[in-house]
Visitor: 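Here's a structure for you.
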Amino acid sequence: MPQVLTVKCKLEVLPEQVEKLETVLSGFARCCEYVNQNTPVRLTNRTAMQALIYKEARTHSGLSAQMTIHAIRRVCANRKTARDKGRTVESFAPTSADYDVRTFTFKEKEWAVTLTMLKGREKFRLIVGNYQRGKLTGQQPKTATLVKHRDGGYYLHIQLESEPPKPQKMNKVLGIDLGRTDIVRFVD
């Protein structure tokens, strides 16, 4: 079973790009709100919800086809989580939007990404340190989430899928399961 690691990268945003980011975040939240308000409250099946409201949601929000599908998926996921907690989904804030391989591209040579906005694609340089560079080098990420943090900065949370290493068989190992093996080893 693959494991998913999320690498948080700050975007270098030019002044003329701020409005485009705000517009896509608002459009994504608006689409989620529209879908949430115009579908049966108990509906959480992505396929059924998409068949029911896709065209209207896309027209209402102005999002691309793929971004509209991601908004519908976000509503379904939030409803499932809310249902498990005995709550309902009240609203969606314009603070994040989901991307996939069709709507974002990672360019390792330039340490940049391109993201689909409401009108076309926009290129952003990544502000990354050694940790992010080490994790992203040689990778071809397929999904990411654009996030506006409380401090006003824009980040891309890039998800990387990988197969975890097979556990090694050890004798006399004592440890705590924190995703690591061989934390403490007793030697005869």
Side-chain angles (χ1 to χ4, degrees), residues 1-2 4-9 11 13-107 112-124 126 139-150 152-161:
M1 184 169 135
V4 178
L5 173 70
T6 300
V7 180
K8 182 170 72 170
C9 302
L11 298 178
V13 180
L14 302 174
E16 61 270 15
Q17 293 176 313
V18 172
E19 185 178 340
K20 293 175 184 178
L21 287 168
E22 289 296 327
T23 303
V24 78
L25 290 173
S26 295
F28 194 84
R30 190 172 50 253
C31 188
C32 289
E33 288 283 346
Y34 183 83
V35 169
N36 193 44
Q37 293 171 2
N38 293 286
T39 56
V41 177
R42 294 186 184 267
L43 181 61
T44 58
N45 181 285
R46 296 183 330 194
T47 306
M49 189 179 288
Q50 186 174 327
L52 184 66
I53 198 144
Y54 167 77
K55 288 180 185 177
E56 296 86 7
R58 183 164 183 213
T59 301
H60 177 77
S61 67
L63 292 175
S64 70
Q66 197 64 19
M67 295 285 287
T68 302
I69 290 168
H70 283 298
I72 292 168
R73 289 177 179 171
R74 169 82 62 93
V75 172
C76 291
N78 284 15
R79 283 183 174 182
K80 287 177 183 176
T81 301
R83 180 188 63 205
D84 292 346
K85 294 181 178 182
R87 299 180 183 158
T88 58
V89 176
E90 300 298 325
S91 63
F92 291 86
T95 56
S96 67
D98 299 330
Y99 284 84
D100 69 5
V101 72
R102 294 178 186 169
T103 54
F104 105 101
T105 306
F106 170 61
K107 299 176 179 284
V113 293
T114 61
L115 300 173
T116 298
M117 299 285 114
L118 258 56
K119 295 184 179 173
R121 287 176 85 88
E122 198 71 26
K123 188 174 186 177
F124 299 92
L126 298 174
Q139 298 291 322
Q140 295 180 335
K142 296 179 181 140
T143 57
T145 305
L146 172 64
V147 179
K148 181 179 180 181
H149 283 210
R150 290 182 186 170
Y154 297 93
Y155 292 79
L156 195 63
H157 295 200
I158 301 172
Q159 289 86 35
L160 302 174
E161 285 188 15

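Computed from heavy atoms alone, side chains included, the values below leave out hydrogens, waters and symmetry copies.
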Visitor: How close do Gly27 and Ser61 get, heavy atom to heavy atom, and via which atoms?
Guide: O-CB, 3.7 Å
Visitor: If the condition is salt bridge (Lys or Arg N to Asp or Glu O under 4.0 Å), which residues does Asp98 pass it with, not counting sequence neighbours?
Guide: Arg74
Visitor: Closer than 3.5 angstrom, by distance alone: can the side chain of Ser26 be matched with the main-chain N or O of Thr23 as a donor-acceptor pair?
Guide: no
Visitor: Under the salt bridge (Lys or Arg N to Asp or Glu O under 4.0 Å) rule, collect the residues that match up with Glu22, sequence neighbours excluded.
Guide: Lys148
Visitor: Can you check whether Gln50 reaches Ile69 side chain to side chain, under 4.5 Å on heavy atoms?
Guide: yes
Visitor: Rounded to the nearest 0.5 Å, what separation is found between the NZ atom of Lys119 and the OG atom of Ser64?
Guide: 13.5 Å
Visitor: Does one side chain, of Asp84 or Thr81, offer a donor that lies under 3.5 Å from an acceptor on the other?
Guide: no
Visitor: I need the Met117 CE to Thr103 OG1 distance, nearest 0.5 Å.
Guide: 9.5 Å
Visitor: Are any of the side-chain heavy atoms of Thr143 and Val101 separated by less than 4.5 Å?
Guide: no
Visitor: Locate the shortest heavy-atom distance separating Ile158 from Cys9; write the atom from each residue and the value.
Guide: CD1-SG, 4.1 Å
Visitor: Among side-chain atoms of Thr105 and Arg121, is any donor-acceptor pair under 3.5 angstrom?
Guide: yes
Visitor: Could I get the full list of side chain to side chain contact (heavy atoms under 4.5 Å, CB included) partners for Thr95, not counting sequence neighbours?
Guide: Ala93
Visitor: Within a 6.0 Å radius of atom CD on Glu16, are there more than 12 heavy atoms belonging to other residues, nucleotides or ligands?
Guide: yes
Visitor: Measure the spacing between CZ of Arg30 and CG of Leu63 and express it to the nearest 0.5 Å.
Guide: 7.5 Å
Visitor: Given side-chain contact (heavy atoms from CB on, under 4.5 Å), test Phe28 with Leu146 step by step and report yes or no.
Guide: CA-CA 11 Å; Phe28 194 84; Leu146 172 64; over 6 Å; no
Visitor: May I have the step-by-step check of side-chain contact (heavy atoms from CB on, under 4.5 Å) for Lys123 and Thr114, ending in yes or no?
Guide: CA-CA 4 Å; Lys123 188 174 186 177; Thr114 61; 4.1 Å; yes
Visitor: With side-chain contact (heavy atoms from CB on, under 4.5 Å) as the test, would you mind laying out the steps for Met67 and Tyr99 before giving the verdict?
Guide: CA-CA 7 Å; Met67 295 285 287; Tyr99 284 84; 3.8 Å; yes
Visitor: So which atom in Gly62 and which in Leu118 form the shortest heavy-atom distance, rounded to 0.1 Å?
Guide: O-CG, 3.8 Å
Visitor: How many angstroms lie between OG1 in Thr88 and CG in Asn78, if you round to the nearest 0.5 Å?
Guide: 11.5 Å
Visitor: Measuring only between side-chain heavy atoms, which start at C-beta, is Phe124 closer than 4.5 Å to Leu21?
Guide: yes
Visitor: What heavy-atom pair brings Phe106 and Gln139 nearest, and what distance separates the two atoms?
Guide: CD2-O, 3.9 Å
Visitor: Can you tell me how far the CG atom of Leu5 sits from the CD atom of Glu161, to the nearest 0.5 Å?
Guide: 11.0 Å
Visitor: How long is the straight-line distance from CD of Glu56 back to OG1 of Thr68, given to the nearest 0.5 Å?
Guide: 11.5 Å
Visitor: Taking side chain to side chain contact (heavy atoms under 4.5 Å, CB included) as the definition, give me every residue that meets it alongside Thr6, ordered by chain and number, with sequence neighbours left out.
Guide: His157, Gln159
Visitor: What I'd like to find out is whether the side chain of Leu115 reaches to under 4.5 Å of the side chain of Leu156, using heavy atoms alone.
Guide: yes
Visitor: Identify, with sequence neighbours excluded, every residue that meets salt bridge (Lys or Arg N to Asp or Glu O under 4.0 Å) alongside Lys80.
Guide: none
Visitor: List, one per line, each side-chain donor-acceptor pair under 3.5 Å for residues 33-45, sequence neighbours excluded.
Guide:
{"residue": "Glu33", "atom": "OE1", "partner": "Gln37", "partner atom": "NE2", "Å": "3.2"}
{"residue": "Glu33", "atom": "OE2", "partner": "Phe92", "partner atom": "N", "Å": "2.4"}
{"residue": "Asn36", "atom": "OD1", "partner": "Arg79", "partner atom": "NE", "Å": "3.0"}
{"residue": "Asn36", "atom": "OD1", "partner": "Arg79", "partner atom": "NH2", "Å": "3.1"}
{"residue": "Asn36", "atom": "ND2", "partner": "Val89", "partner atom": "O", "Å": "3.3"}
{"residue": "Asn38", "atom": "ND2", "partner": "Tyr34", "partner atom": "O", "Å": "2.8"}
{"residue": "Thr39", "atom": "OG1", "partner": "Val35", "partner atom": "O", "Å": "2.7"}
{"residue": "Thr39", "atom": "OG1", "partner": "Arg79", "partner atom": "NH1", "Å": "3.2"}
{"residue": "Thr39", "atom": "OG1", "partner": "Arg79", "partner atom": "NH2", "Å": "2.9"}
{"residue": "Asn45", "atom": "OD1", "partner": "Thr47", "partner atom": "N", "Å": "3.0"}
{"residue": "Asn45", "atom": "OD1", "partner": "Ala48", "partner atom": "N", "Å": "2.8"}

Visitor: Given Leu11 and Leu126, is the side-chain contact (heavy atoms from CB on, under 4.5 Å) satisfied, shown in steps?
Guide: CA-CA 5 Å; Leu11 298 178; Leu126 298 174; 3.6 Å; yes
Visitor: State whether the number of non-hydrogen atoms from other residues, nucleotides or ligands found under 6.0 Å of Arg46 atom CZ is greater than 12.
Guide: no
